[in-house]
Structure formats: structure tokens, C-alpha cells
K.L.:
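My questions all concern the structure below.
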Amino acid sequence: MRSAKYKTEPLKCWQKAKEIRENYYKNYAKAHEKGGIRWAGGAWSFDAIPAGLGDDVYPITSEPYGASVAWNKEFALECQEAVERAGYARDLCSYMRNYWGSVMLNKYVFGGEFPTPDFIWQDHICCSHAKWYQVVKDIEKKEIPFFCIDVSVGPYEQINEHKLNYVVMQMHDGIEWLEKIARRKYDDEKLIQAVYNHCRSTSLWAEVCALNKMIPAPLDEKTMYSLYVLGTLQKSSKVVADFYQELRDEVKDRVERGIAAVGNERCRVMTDTQPPWAFLKIFRYLEKYGCVSVGSLYTFGLIGMWDVQEDGTWGPRRTPQENGIEIKTRDQALRTLADWELKKPEWQHFYYPHLKSEMMIRIAKEWKLNGIMLHYNRGCEGLSLGIAENRIALIKAGFPVMSFEGNMGDEREFDETRTIARIDAFMETLGFERLE
Amino acid sequence: MFEKFKEWQENRHEYAKEWKRKTGGKVIGYFCTYVPEEILYAADILPIRILGSHEPQDLTEPHIFGMFCPFCRDCLAQGLQGRYDYLDGITIAQSCLHIRQAFTSWQMHVPVEYSYYLPMPHHVQSARAYPYLTEELKLFKKSIEEWTGKTLRNEDLDKGIKIMNENRRLLGKLYELRKEKNPGVTGLEAMYAVISSQLTDKREHSRMLEEALNKIYERKEKNSNLLRLMILGSEDDDTEFMKMVESLGAIFVIDDHCTGTRYFWNEVIPDEDRLASIAARYIDRPPCPSKDWPERRRVPHILNLAKEYDVQGAIIVQQKFCDPHELDIPAITKTLKENNIPSLFLEFDVTVPLGQFKTRVEAFLEILREEDLWS
């Protein structure tokens with residue numbers, strides 16, 4: 001093995017990230033022991049809104065839960081087979097199937113029985129999102145109140161007042177519904193604080209990702225998965241916002257000291273969509289070539305909120321606080337939240353693939369990439385939407401593309417050997433030989 | 001009497017080209033039945049639905065990942081092959097992600113003068129959907145006005161509403177006849193009638209439908225002693241399948257398809273605010289599963305249809321990989337079973353294995369007839 005070109009060191013805040021995640025799943029499971037409430041919904045749900053019910057309200061977001069199941073291959077297979085036995089199609093979203101399987105088997109992947117939520121707070125982004133919980137209502141043993149917000153108003157560049165109103169008015173209806181089903185008075189001040197946290201978390205995560213423009217990259221994508229996930233769990237919590245601030249400071253420090261994620265970095269790529277979670281080792285395999293995956297539109301744009309900066313490059317979106325805006329009312333908080341979320345980069349391509357291609361080409365240029373690996377992910381129709389058109393656009397823009405087929409949550413659809421062979425061929429195309 | 005509908009369905013492109021030649025008007029292709037055709041008729045545009053051809057193809061591989069439904073790829077293939085080269089524009093009303101890809105790839109690779117994405121709301125069970133869609137229809141109308149150079153007045157919208165409602169009413173009458181003990185119309189004929197209405201000028205179609213209805217009343221040969229079936233599920237314009245099933249001593253008497261009842265079931269109830277009344281019609285129509293939440297309203301609706309039409313069994317078809325339908329099918333199957341309506345599930349692709357399906361359908365019909373092999 002050649003000696004490393006750059007210094008590397010573990011992240012100091014790594015342990016803290018693990019603890020936040022562990023506590024999140026523990027708090028949800030044990031919420032009732034403390035007299036609290038638990039709710040389930042998607043990672044894209046407006047989690048700042050149920051925060052107005054009190055400090056003892058704990059969520060579980062279903063996609064990261066499905067990913068946690070995927071990581072446990074044996075249990076994931078048990079879940080998937082339970083779902084298929086119940087008559088559901090094998091090609092449906094694999095996160096959804098892992099989650100349903102967990103409910104059907106009454107097994108929580110973190111131990112014990114599956115903790116039934118007191119209510120469901122969802123938003124509808126793809127064909128499956130609202131329907132996901134219709135099925136949960138069918139398979140759970142008790143009646144669970146269910147509210148879902150439709151956000152399908154088009155890409156942010158077309159947003160106007162009535163589009164925003166459609167989302168905001170559903171949010172208002174949602175708060176009335178929450179008060180009714182939780183039998184609690186809603187606290188607007190808690191909502192406002194949660195909205196501030198939401199904006200702070202997502203802007204800070206974008207800042208962290210922007211630091212990866214540096215050579216050497218201070219973070220690699222496999223590590224980033226363990227960090228971005230906190231934003232998918234509860235981006236409106238102070239704990240997550242504060243953690244991202246600490247992470248940003250540490251990554252900045254790594255950049256200043258030239259600390260690399262991959263000591264032999266000489267090739268930079270990005271991926272796309274969720275990875276096959278049970279096979280994250282493919283990222284370590286890349287390192288044998290001195291190749292680092294610096295992120296993806298998925299890791300940058302699912303949680304990170306971005307804006308074009310004065311110099312024309314991509315950087316973190318300025319938060320309402322940074323813009324000197326003080327949120328004073330419920331309506332203002334909801335409008336701020338809706339406007340903020342509808343600009344999510346990973347949402348834009350649900351409408352037009354060219355919007356995603358343009359963002360990916362921007363990343364490829366600004367993050368100085370040698371090539372792009374596209375995961376044709378059979379597990380998620382939402383994030384695979386338009387991926388074939390993205391491939392054509394990236395090639396036309398001059399970036400070599402390798403595609404591989406797989407499934408984020410169902411290992412039966414991922415061929416490890418073939419993927420490794422494709423990586424070898426791709427690296428050869430890019431002109432890199434193995435370092436060892 | 002249904003020959004004309006069959007001919008229109010089979011020669012859809014010739015029909016549209018001839019319509020253009022005769023009228024000098026514009027033709028717009030639409031990808032989903034949530035598109036408010038009233039506004040297009042108001043502007044003297046001919047809306048026609050873009051459908052596939054049921055032929056194997058490999059043109060769409062570079063454009064749509066193979067995990068998306070065969071129907072959306074078949075539709076795009078038609079555009080890539082130039083079969084719709086006479087279209088002046090394309091449009092879609094937001095529904096499933098699958099067909100959306102056919103639209104966006106068409107926008108990118110099959111140049112047309114005009115294209116419009118209408119963000120039809122998904123939360124149709126929310127009161128907020130009505131004002132929202134009304135505003136979206138204003139934008140759509142404005143866009144059509146800018147494209148055609150014609151201002152759409154209330155009288156124009158009334159004309160569009162009348163054309164659409166009249167056709168819906170006549171199709172409703174046709175379906176009403178299917179409730180009879182010995183229906184005067186087969187499922188295949190009804191399918192030709194509804195699909196051709198999506199492919200032709202509704203005014204001409206309505207005239208032909210009226211004629212057909214009058215003849216059905218006089219029809220001597222009725223379909224008696226046939227097993228009464230329902231067909232439901234994803235988009236379905238597979239006439240060969242319908243023909244095959246109905247050759248086995250069964251008759252389809254009702255459906256829940258967007259090439260059937262979901263397309264024409266309810267009318268626009270005219271009101272002072274024309275766009276609001278059009279919006280209400282599309283929000284209140286029998287939903288596509290992608291919009292049927294948080295409650296599952298399709299399930300009781302399907303059960304009601306099955307009872308009203310005295311159905312003995314149901315064939316549930318699903319385009320391969322169609323997530324919205326896959327998410328409803330277990331609930332529908334369960335409800336049908338609880339109500340003693342046996343069902344057969346079949347997964348459809350661009351081409352269907354008619355031989356294999358025939359064996360399965362025969363077995364299903366034997367169960368319905370309670371035939372004892374050893375008697």
C-alpha cells in the first residue's frame with residue numbers, strides 16, 4: 001500500500017451523531033412511559049408542526065426506519081416475505097415494505113415489539129407516500145388517526161401565492177386536527193422555534209456539504225450517510241440543529257488543516273439516489289482506487305437547503321434569522337416552512353428531469369468530479385424518476401457516467417459481484433488503477 | 001353498430017389527421033384523464049388521449065428506467081416513433097409518477113409547439129383542493145389563450161362543458177343498458193365506445209353514440225346466460241383480452257378503469273364560476289388510486305358498482321409496476337371476497353400472454369359456474 005497523500009482522522013462528533021440517533025429511536029419507543037405522544041410519518045413530513053403539541057411528542061420517520069431494517073439483511077428479508085405473503089407486490093417501495101413487515105411481525109428493529117404510533121403525520125410526495133399509511137392503518141391492530149399534506153404544487157421556480165396557500169391551508173387544517181386528536185392546546189411559540197430549527201439544520205447541512213468542494217474532501221459519502229440521517233429524523237429539533245452547527249465547525253477545521261476523508265484521494269465521484277444500504281462497502285471499495293464519493297444530489301439536497309451565492313456558486317440558503325426575519329404568528333411560521341421546504345433540491349426533479357440534471361451538472365463542476373455513479377434504484381420510484389434522462393444529460397455535459405442497478409432496501413435486487421466489476425471497469429475508463 | 005368506434009380506435013391517427021385537415025384546428029395529446037378537456041373544446045382544440053400500441057419496443061430504454069410501468073413506456077414509444085407527429089401540443093394533469101415520465105421525456109425528445117403540465121392536486125379529499133385547482137385552471141386557460149390567440153369567454157366554456165357533459169351522459173346511458181339481465185352491449189363494445197371517445201371529436205362521437213344506442217334498443221340477439229364480470233384496475237385498452245374473455249361464456253358488465261367509468265362517470269354541474277365548476281368535476285370524479293387518500297373511497301365505490309351491475313366475479317388487472325394500483329389491490333380483493341365476489345388478479349404488460357391468460361380465465365369461470373370436474 002502506498003503511503004497516504006493526505007492526513008486523515010476520525011470525526012470527533014461521530015459518537016455524538018450515533019447517540020442522537022439511538023436516543024431518537026429509544027425516545028419514540030418509550031414515549032408512553034413518560035406520558036408522551038408518538039407519531040409516525042415520512043422523512044419529508046413537516047415535523048416542525050407536531051412540535052407545537054409539546055416537548056414530549058416523539059416521531060419516527062418511516063424511510064430512515066426502512067433503511068435501518070435494510071441494514072439488517074436477515075430481518076429485512078423476514079419483513080419482505082411477510083409483506084409478500086400478505087399479498088403486496090414485490091416491486092413496491094422497499095422502505096415501505098420493510099416498515100410494513102416490521103409492523104406485521106410486530107418487531108422493532110431496535111428491539112422489542114413495534115411501537116404503534118398514536119397518530120400519523122405524513123406528506124404526499126410520490127405515488128406511495130399517502131398510500132403507505134393507508135396500508136399501515138389496514139395492518140395495525142388499532143385505529144390510528146391519519147393526516148396527510150399534499151405538496152405537489154410544482155417546482156419552486158413556478159411557486160406563486162395560490163400554490164403556497166394550498167400547502168399552508170392544509171397545514172392550518174392539520175394543526176386543528178392535531179389539537180383534536182391529541183386533546184392538547186397547540187403552542188404556536190413551540191412551532192415558531194421548531195421552524196427556526198428546521199431552517200437552521202437544513203442550511204447548516206448544506207454548508208457542511210459545500211465544504212466538500214475542497215480537495216481533499218473532508219468527508220466521504222459513506223460517512224455523510226450517518227450524518228445526514230439526523231436531518232431525516234427530526235430536522236426541527238434543537239438537538240439536530242445544534243449538532244449540525246458543531247459538525248460544520250469541525251468540518252471547517254478539517255478543511256483548514258487539510259484533513260481528508262480518503263488519504264489517497266485522486267479521483268472524485270458522486271452517486272445518486274439512496275444507496276443499497278446493505279452494501280455500503282462498495283464505497284470502501286472505491287478507496288482502493290483513491291476514489292472518494294463526495295456526495296450526491298441525494299445527500300446534499302434531501303436535507304440541505306441551497307441557494308446560488310453572490311459568486312454564482314451553490315451554497316447554503318440563508319435562514320429567516322440570518323435575513324433578520326422574526327416569525328411572530330402561526331400563519332407566518334407555516335408560510336416560512338412551506339416556502340422553505342418547497343425549494344428542496346431533491347423535490348424539483350419530481351416535475352422535470354432537466355432541473356435535476358442541471359443541479360447534478362453544477363455539483364459535478366463545482367465539486368470537481370471525475371465521474372458519476374448512478375444507482376438505478378428499484379426500491380424508490382420517486383428518486384429514480386427521470387434518472388435515465390439525467391444520465392443522458394450528464395454524458396452530454398461531458399461527465400463519464402457509470403450506472404448500476406440495485407435496490408436501497410431489498411438486497412435480492414442487488415448484485416454485488418457485478419457492481420464491483422462495473423466499478424473496476426469504470427475506474428479503468430477514468431484512467432485509474434488500483435493502489436494496492 | 002360498434003364498428004365505427006372500433007374503426008376510430010384502430011385508426012386513431014388517421015382520424016386526427018383528417019380532423020385537422022378538415023377543420024384547420026389544433027390537436028393536443030393528453031397523457032391522463034384528469035386533463036380538463038372542457039377548456040380545450042372551448043378553444044376549438046381537439047384533445048386526444050395518447051395511448052400505447054401494444055407492440056414490443058426498445059426505444060424507451062435510454063429514457064425511462066425499466067422499473068416504471070409498461071404503459072408509460074409504450075406511450076412514449078409512440079412519440080419517439082413519430083406516430084403522433086401531427087400533434088400541435090401535449091399536456092398532462094398531474095397523476096402518477098410513471099406517466100409523468102412519458103410526458104417529460106416527450107417534452108425533451110419529441111418537439112411540439114405547446115406543452116403544459118397542470119399540477120392537478122392529489123389531496124382531492126381536502127376542501128383546499130377546490131380553490132387551488134380553480135386557480136390552476138385559470139392559469140391553464142390563460143396559457144391556452146396565449147397559445148391560440150383566442151380569448152375564452154364564458155360562452156366558450158359553456159360550449160366545452162356541454163360537449164363533454166353530453167358525451168358523458170350518453171356513455172352513462174350505454175352503461176345503464178349493461179345492468180340488464182341480458183345486456184345488449186358487450187364489454188368489448190363498451191370499451192371501444194369509451195376509448196374512441198378519448199380519440200375523436202366528442203360531438204361526432206356523441207352523434208354516433210346516439211345512433212348506436214337507438215340500435216341497441218332494437219337489438220334482437222341479446223347476451224343471455226353469460227357470467228357477469230367486472231373488470232377493474234390500471235389503465236386498460238387491451239381489446240384482445242376483452243375479446244378473449246367474452247368468447248368463453250362471460251360478459252363484462254361494468255369496469256373501474258380510466259379507459260372506462262373513471263373517465264366519464266360524473267358531469268360538470270354548471271355554475272356562475274365556470275372554472276370552479278370544472279375543477280369540482282375533476283376533484284369529485286371516481287379517483288385514480290394515486291389520489292384516493294386518506295380514505296379509500298374507491299373500495300366502496302367498486303363494491304357499489306359490483307352490486308348495481310349484479311356482478312358474479314371480478315377480474316383485477318394491473319399494469320406491471322403500477323404502484324398506485326398495487327397499493328389498492330389487496331384491500332379491493334379483501335372487500336370483494338368479504339362480499340362473496342370471487343376475483344382473479346392478472347398482471348398486464350404491453351402484450352399479454354393470451355394463451356396463458358385464457359387458461360387462467362377458464363379456470364376462474366369454472367369456479368364461478370361451480371363446475372364439478374367429476375360430475
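By convention in this document, chain letters (A, B, ...) are assigned in the order of the sequence lines, proteins followed by strands, and residues within each chain are numbered from 1.
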K.L.:
Is the distance between the ring centroids of H375(A) and F404(A) under 6.0 Å?
P.N.:
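Between H375(A) and F404(A), the centre distance is under 6.0 Å.
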K.L.:
Quick one: which of G382(A), C93(A), G386(A) has the most heavy-atom pairs under 4.5 Å with chain B, could you say?
P.N.:
G386(A)
K.L.:
Does E161(A) pair with R335(A) as a salt bridge, N-O distance under 4.0 Å?
P.N.:
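Here E161(A) pairs with R335(A) in a salt bridge, since their nearest N and O are under 4.0 Å apart.
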K.L.:
Top residue by heavy-atom pair count (under 4.5 Å) with chain B, among A89(A), P353(A), C148(A), C126(A)?
P.N.:
C148(A)
K.L.:
Below 30° counts as parallel, above 60° as perpendicular, anything between as tilted: where do the rings of H162(A) and Y132(B) land?
P.N.:
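Because their plane-to-plane angle lies in the 30° to 60° range, the rings of H162(A) and Y132(B) count as tilted.
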K.L.:
What do you reckon, is CD of E338(B) surrounded by more than 12 foreign heavy atoms closer than 6.0 Å?
P.N.:
yes
K.L.:
When you compare the side chain of E381(A) with that of C127(A), does any pair of heavy atoms fall below 4.5 Å?
P.N.:
yes
K.L.:
Answer with side chain, backbone, both or neither: which region of K163(A) has an atom nearer than 4.5 Å to a non-hydrogen atom of chain B?
P.N.:
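It is both, since atoms from each part get that close.
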K.L.:
Counting heavy-atom pairs under 4.5 Å with chain B, which one of R90(A), Q134(A), Q170(A), M96(A) comes out on top?
P.N.:
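Winner by heavy-atom pair count: Q134(A).
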K.L.:
If you tally heavy-atom pairs under 4.5 Å against chain A, which of T333(B), L327(B), D292(B) wins?
P.N.:
L327(B)
K.L.:
If you tally heavy-atom pairs under 4.5 Å against chain A, which of G66(B), P131(B), A127(B), S105(B) wins?
P.N.:
S105(B)
K.L.:
What about H129(A) and H124(A), are their ring centers closer than 6.0 Å?
P.N.:
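Ring centres of H124(A) and H129(A) not closer than 6.0 Å.
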K.L.:
Determine the option with the most heavy-atom pairs under 4.5 angstrom with chain B, choosing from I149(A), I387(A), D173(A), I120(A).
P.N.:
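If we count pairs closer than 4.5 Å to chain B, D173(A) comes out on top.
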K.L.:
Is the F46(A)-W121(A) ring centre distance short of 6.0 angstrom?
P.N.:
no
K.L.:
Taking atom NZ of K180(A) as the centre, report whether more than 12 heavy atoms of other residues, nucleotides or ligands fall under 6.0 Å from it.
P.N.:
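Not buried by this count: 12 neighbours or fewer within 6.0 Å.
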K.L.:
Heavy-atom distance under 4.5 Å to chain B: side chain of L92(A), backbone, both or neither?
P.N.:
both
K.L.:
Just checking F146(A) against W293(B), ring centres under 6.0 Å apart?
P.N.:
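No.
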K.L.:
Of the listed residues (P294(B), P324(B), S95(B), S290(B)), which shares the most heavy-atom pairs with chain A below a 4.5 Å separation?
P.N.:
P294(B)
K.L.:
Tell me, for L97(B) versus chain A, whether the close heavy atoms (under 4.5 Å) come from the side chain, the backbone, both or neither.
P.N.:
both
K.L.:
What part of N390(A) is in contact with chain B, defined as an atom under 4.5 angstrom from a non-hydrogen atom: side chain, backbone, both or neither?
P.N.:
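Interface part for N390(A): neither.
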K.L.:
Let me know if L118(B) has heavy atoms under 4.5 Å from chain A in its side chain, its backbone, both or neither.
P.N.:
neither
K.L.:
Does K396(A) NZ have over 12 foreign heavy atoms under 6.0 Å away?
P.N.:
no
K.L.:
Taking the six-membered ring for Trp, are F241(B) and F348(B) ring centroids under 6.0 Å apart?
P.N.:
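Distance test on ring centres: under 6.0 Å, yes.
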K.L.:
Measure F68(B) against the heavy atoms of chain A and call it side chain, backbone, both or neither at under 4.5 Å.
P.N.:
side chain
K.L.:
With a 4.5 angstrom heavy-atom cut-off, could you sort out which part of N160(A) is near chain B: side chain, backbone, both or neither?
P.N.:
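For N160(A), the side chain is the part near chain B, not the backbone.
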K.L.:
Between F350(A) and W347(A), is the ring centroid distance below 6.0 Å?
P.N.:
yes
K.L.:
Relative to chain B, which segment of E405(A) carries a heavy atom at a distance below 4.5 Å: side chain, backbone, both, or neither?
P.N.:
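The answer is the side chain of E405(A).
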K.L.:
Tell me, out of H109(B), E295(B), E347(B), M120(B), who's got the most heavy-atom pairs with chain A below 4.5 Å.
P.N.:
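Result: the option with the highest number of such pairs is H109(B).
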K.L.:
Output the option from S126(B), P119(B), P330(B), A331(B) having the highest count of non-hydrogen pairs under 4.5 Å with chain A.
P.N.:
P330(B)
K.L.:
For Y133(A), is it the side chain, the backbone, both or neither that has a heavy atom under 4.5 Å from a heavy atom of chain B?
P.N.:
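Nothing of Y133(A), per the 4.5 Å heavy-atom cut-off to chain B.
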K.L.:
Using a cut-off of under 4.5 Å on heavy-atom pairs, state which of D150(A), D138(A), V153(A), V135(A) scores highest against chain B.
P.N.:
D150(A)
K.L.:
Looking at R296(B), Q94(B), Q125(B), Q107(B), which has the largest count of heavy-atom pairs under 4.5 Å with chain A?
P.N.:
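The residue among R296(B), Q94(B), Q125(B), Q107(B) with the greatest pair count is R296(B).
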K.L.:
Tell me, side chain or backbone of D91(A) under 4.5 Å from chain B's heavy atoms, or both, or neither?
P.N.:
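Its backbone and side chain both get close to chain B.
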K.L.:
Is the cationic atom of R100(B) (NZ for Lys, CZ for Arg) positioned less than 6.0 Å from the six-membered ring centroid of Y351(A) and within 45 degrees of its normal?
P.N.:
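The answer is yes; both the distance and angle limits are met.
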